[in-house]
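Chain naming here is simple, since letters A, B, ... match the order of the sequence lines and numbering starts at 1 in each.
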There are 2 protein chains.
Amino acid sequence: MDCREERLPHQSAALGAGLSGSQSVDRALGLLSLIGREPAEGLPLGEIVAGSGLNKPTTRRLLMALMRAGLVEQEPQTRRYCLGEEAFVLGVLAARRHGLLEMAMDSLRRLARETQDTSFLTVRRETYAICLHREEGTYPVRTHALQGGDQHPLGVGAGSLAILAALPDGDVDRIVAANEAALLARYPGFAPEAIRADIVATRERGVSLNPGRLVASSWGIGRAFRYPDGRVAGALSIAAIDSRMTPARQSELAALLTREAVRMEALLAPMFLSKRGEKPMAAKPQPIETGRAR
Amino acid sequence: MDCREERLPHQSAALGAGLSGSQSVDRALGLLSLIGREPAEGLPLGEIVAGSGLNKPTTRRLLMALMRAGLVEQEPQTRRYCLGEEAFVLGVLAARRHGLLEMAMDSLRRLARETQDTSFLTVRRETYAICLHREEGTYPVRTHALQGGDQHPLGVGAGSLAILAALPDGDVDRIVAANEAALLARYPGFAPEAIRADIVATRERGVSLNPGRLVASSWGIGRAFRYPDGRVAGALSIAAIDSRMTPARQSELAALLTREAVRMEALLAPMFLSKRGEKPMAAKPQPIETGRAR
DNA sequence: AGAACAAGGTCCATATTATGGACTGTCGGG
DNA sequence: CCCGACAGTCCATAATATGGACCTTGTTCT
């Protein structure tokens with residue numbers, strides 16, 4: 001069982017690269033993920049073609065397959081492609097196991113009630129962060145910089161930054177490098193160096209702080225929490241108008257976030273009863289590799 | 001634009017059947033749906049092979065592709081395959097458009113509060129019904145016959161029956177026929193004829209009633225609601241112990257369900273601003289057919 | 001008008017990709 | 001120690017997915 005890294009010499013060199021044996025499926029699922037990045041409006045065929053690197057006929061054929069399965073739908077008016085009802089239903093089904101949101105709802109509600117500001121649950125998805133939920137507070141001035149389903153590169157925004165800062169340095173480097181182009185092009189004020197500085201500050205402080213860098217006057221404060229095996233599970237964060245983010249109140253909010261993060265980690269504890277001492281940094285669940293060759 | 005049924009003579013006969021041009025993607029997505037049927041435990045490879053009709057290597061290869069995309073995960077201990085985190089995230093993203101659950105939450109909460117019993121939102125998925133949410137009531141004796149994510153053939157259970165009864169007769173026939181084997185094998189008390197009788201009763205009454213046929217003493221009452229174009233969108237239902245389902249209370253609950261169903265239909269109204277008078281019975285959103293041949 | 005463009009959608013010969021029969025490795029029970 | 005059941009893998013073959021070229025529809029510019 002511990003022969004995990006035994007690489008035999010005769011492994012066919014052609015397989016070395018990512019030759020999966022299911023090219024079209026990989027491509028189709030890539031499209032799905034791409035469409036998921038624009039959950040509100042959907043994407044026109046042209047952009048999907050451009051964004052995926054595939055050509056038009058192939059893209060369209062794969063989209064048809066996704067539509068047959070109900071995972072994607074095409075808006076009849078605009079001809080844009082967007083996530084379908086089946087994707088929604090699958091999500092509800094998957095929520096039984098991956099019920100992060102379910103688990104976090106209590107925390108989010110409590111944070112929103114106690115602080116009167118808006119609270120968020122954010123998770124990581126590759127090099128991006130996704131806002132899974134936004135729980136409105138009661139305070140009359142609210143920032144709408146972040147909606148449920150919104151996605152930004154890791155490091156952009158409080159929850160996103162908290163997650164990034166919680167990752168090991170190697171991952172941070174890869175992620176920031178991967179996002180560099182997007183950051184420079186679409187996130188002025190989030191140059192790679194700025195993000196690195198933010199990470200240092202976040203690690204010192206224990207919580208992340210976004211001083212209105214994405215939308216002026218819209219501040220955020222966040223804190224990551226982990227699975228029992230050490231992997232980062234997500235982040236809780238709170239957004240408020242700048243006047244409600246004085247240093248004193250920051251500490252107050254940090255304490256609340258910490259309390260809820262601890263609660264989340266306690267809730268997640270039962271998930272890993274497995275005693276297998278795998279290296280805790282495994283970036284992804286990763287398929288089991290039983291056989292010899294790779 | 002209205003040349004939709006012009007079938008040219010030269011269409012290659014081989015295409016007549018469901019030759020999609022993306023067999024493997026179709027198969028992979030079929031597996032995804034299959035795995036979704038067992039959201040709690042996941043499925044072992046053998047059952048997926050059997051359930052899909054594919055052979056082992058193909059099944060495994062496709063599963064690997066789904067795992068690479070994060071839509072499926074393999075439980076390390078049991079080696080069972082289950083829905084992955086990405087499926088959950090996609091669902092949250094899709095919820096922006098297909099926010100039935102979101103829309104229904106108010107109704108479900110109100111029903112649960114007013115009746116003290118447990119309320120449910122159910123939607124159709126092909127020939128099955130899926131319970132999307134279960135909102136607990138406060139009454140101390142609660143039935144747990146139906147959990148969120150549970151799936152039963154259309155006609156089995158209150159919400160499921162309400163949906164089936166709301167469909168046109170042609171669909172009903174197809175669905176009951178398709179489910180016949182499953183019904184006879186796994187749902188004693190829900191023979192096809194019994195379901196047909198239930199449908200008649202439901203249509204007369206306006207609401208469906210399940211008099212403890214799935215789990216003794218666990219009764220349910222349900223009502224379907226529609227999209228503005230006439231398609232059935234889903235059903236609201238209430239479950240309670242038999243003693244809380246006297247005829248008098250049934251009428252009471254029916255009134256509440258009707259009120260909430262009307263509300264849901266009002267909420268759904270803005271979805272179809274399109275004036276295109278397509279035939280309202282189109283079973284599925286269906287890909288657009290622009291070109292000439294089919 | 002009409003021409004010119006852009007974007008969505010489709011065809012079909014080709015070569016790459018997916019397929020599945022046969023095989024190996026692993027666990028648990030007797 | 002052997003057996004059966006189950007998970008996972010190999011590889012020649014056949015079927016499938018690919019993408020360049022093309023067609024159609026709607027929009028913008030003269």
Side-chain angles (χ1 to χ4, degrees), chain A residues 1-4 6-8 10-15 17-31 42-67 74-81 286-294, chain B residues 1-4 6-8 10-15 17-28 30-31 42-67 74-81 287-294:
Chain A
M1 186 61 94
D2 43 13
C3 58
R4 65 180 144 226
E6 180 182 321
R7 29 192 53 232
L8 299 205
H10 67 57
Q11 58 180 259
S12 69
L15 283 176
L19 193 28
S20 62
S22 314
Q23 189 186 66
S24 62
V25 179
D26 287 335
R27 288 173 165 186
L29 299 179
L31 294 187
L43 286 170
L45 180 59
E47 273 179 48
I48 301 179
V49 169
S52 65
L54 302 174
N55 57 24
K56 216 177 342 156
T58 300
T59 304
R60 171 99 171 117
R61 198 159 7 85
L62 297 177
L63 285 173
M64 296 285 275
L66 292 169
M67 293 205 291
Q74 186 173 26
E75 198 82 17
Q77 332 281 321
T78 63
R79 311 213 138 181
R80 278 160 173 263
Y81 298 85
Q286 264 184 346
I288 298 169
E289 305 232 24
T290 332
R292 51 201 155 153
R294 153 184 160 70
Chain B
M1 186 67 90
D2 44 12
C3 59
R4 65 179 147 230
E6 178 183 323
R7 28 191 53 233
L8 300 205
H10 66 60
Q11 58 179 262
S12 68
L15 284 174
L19 194 28
S20 63
S22 317
Q23 187 185 65
S24 62
V25 178
D26 287 336
R27 288 173 165 187
L31 294 187
L43 287 170
L45 180 59
E47 272 179 49
I48 300 178
V49 169
S52 65
L54 303 174
N55 57 21
K56 211 170 352 144
T58 298
T59 304
R60 171 101 171 114
R61 200 161 3 86
L62 297 176
L63 286 173
M64 296 284 274
L66 292 169
M67 293 205 289
Q74 187 174 25
E75 197 83 16
Q77 333 281 324
T78 62
R79 313 215 136 178
R80 279 159 172 261
Y81 298 84
I288 297 167
E289 307 233 24
T290 330
R292 50 202 155 149
R294 151 184 159 74

_With a 4.5 Å cut-off on side-chain heavy atoms, are A/L45 and A/K56 touching?_
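A/K56 reaches A/L45 side chain to side chain.
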*asked:* Using side-chain heavy atoms (C-beta onward) and a distance below 4.5 Å, is B/T58 in contact with B/R61?
replied: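 Result yes, sub-4.5 Å side-chain heavy-atom pair found.
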Distance check, rounded to the nearest 0.5 Å: [X] atom [atom1] versus [Y] atom [atom2]?
{"X": "A/R27", "Y": "B/S22", "atom1": "CZ", "atom2": "OG", "value": "11.5 Å"}
{"X": "A/I48", "Y": "A/L63", "atom1": "CD1", "atom2": "CG", "value": "5.0 Å"}
{"X": "B/E47", "Y": "B/Y81", "atom1": "CD", "atom2": "OH", "value": "13.0 Å"}
{"X": "A/L62", "Y": "B/D26", "atom1": "CG", "atom2": "CG", "value": "10.0 Å"}
{"X": "A/Q74", "Y": "A/M64", "atom1": "CD", "atom2": "CE", "value": "8.5 Å"}

Rounding to an integer number of Å, can you tell me how far [X] [atom1] sits from [N] [atom2]?
{"X": "B/R61", "N": "D/dA7", "atom1": "CZ", "atom2": "C1'", "result": "16 Å"}
{"X": "A/D26", "N": "C/dT16", "atom1": "CG", "atom2": "P", "result": "18 Å"}
{"X": "A/M64", "N": "D/dT18", "atom1": "CE", "atom2": "P", "result": "15 Å"}
{"X": "A/L63", "N": "C/dG9", "atom1": "CG", "atom2": "C1'", "result": "12 Å"}
{"X": "A/L31", "N": "D/dA17", "atom1": "CG", "atom2": "P", "result": "14 Å"}
{"X": "B/I48", "N": "D/dG8", "atom1": "CD1", "atom2": "C1'", "result": "13 Å"}
{"X": "A/R60", "N": "D/dT18", "atom1": "CZ", "atom2": "P", "result": "15 Å"}
{"X": "A/L45", "N": "D/dT24", "atom1": "CG", "atom2": "C1'", "result": "14 Å"}

*Where is the tightest heavy-atom contact between A/S52 and A/T59, given as atom of each residue plus distance?*
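Taking A/S52 first and A/T59 second, the nearest heavy atoms are OG-OG1, 4.1 Å.
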*Over all atoms of both residues, closest heavy-atom pair of B/A65 and A/L29*: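 Scanning both residues completely, I find the closest heavy atoms to be O-CD1, 3.7 Å.
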[X] side chain N/O closer than 4.0 Å to the phosphate oxygens (OP1, OP2) of [N]?
{"X": "B/Q74", "N": "D/dG8", "result": "yes"}
{"X": "A/Q23", "N": "D/dT18", "result": "yes"}
{"X": "A/Y81", "N": "C/dA7", "result": "no"}
{"X": "A/R80", "N": "C/dG8", "result": "no"}

_Counting only heavy atoms and a strict 4.0 angstrom limit, can you tell me which residues of residues 51-59 of chain A come near DNA chain D?_
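DNA chain D contact set from residues 51-59 of chain A: A/N55, A/P57, A/T58.
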*Looking across every strand, which nucleic acid part, if any, lies under 4.0 Å from B/R27 by heavy atom: base, sugar-phosphate, or nothing?*
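Here B/R27 touches the backbone only, sparing every base.
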*Using rotation axes that map the C1' atoms of four end pairs onto the next four (five pairs an end), what angle separates the end axes of the helix from C/dA1-D/dT30 to C/dG30-D/dC1, to 10°?*
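About 40°, once rounded to a multiple of 10°.
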*Relative to the 5' end of DNA chain C, which residue comes earlier, A/S24 or A/G46, by the nucleotide with the nearest heavy atom?*
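Residue closer to the 5' terminus by nearest nucleotide: A/G46.
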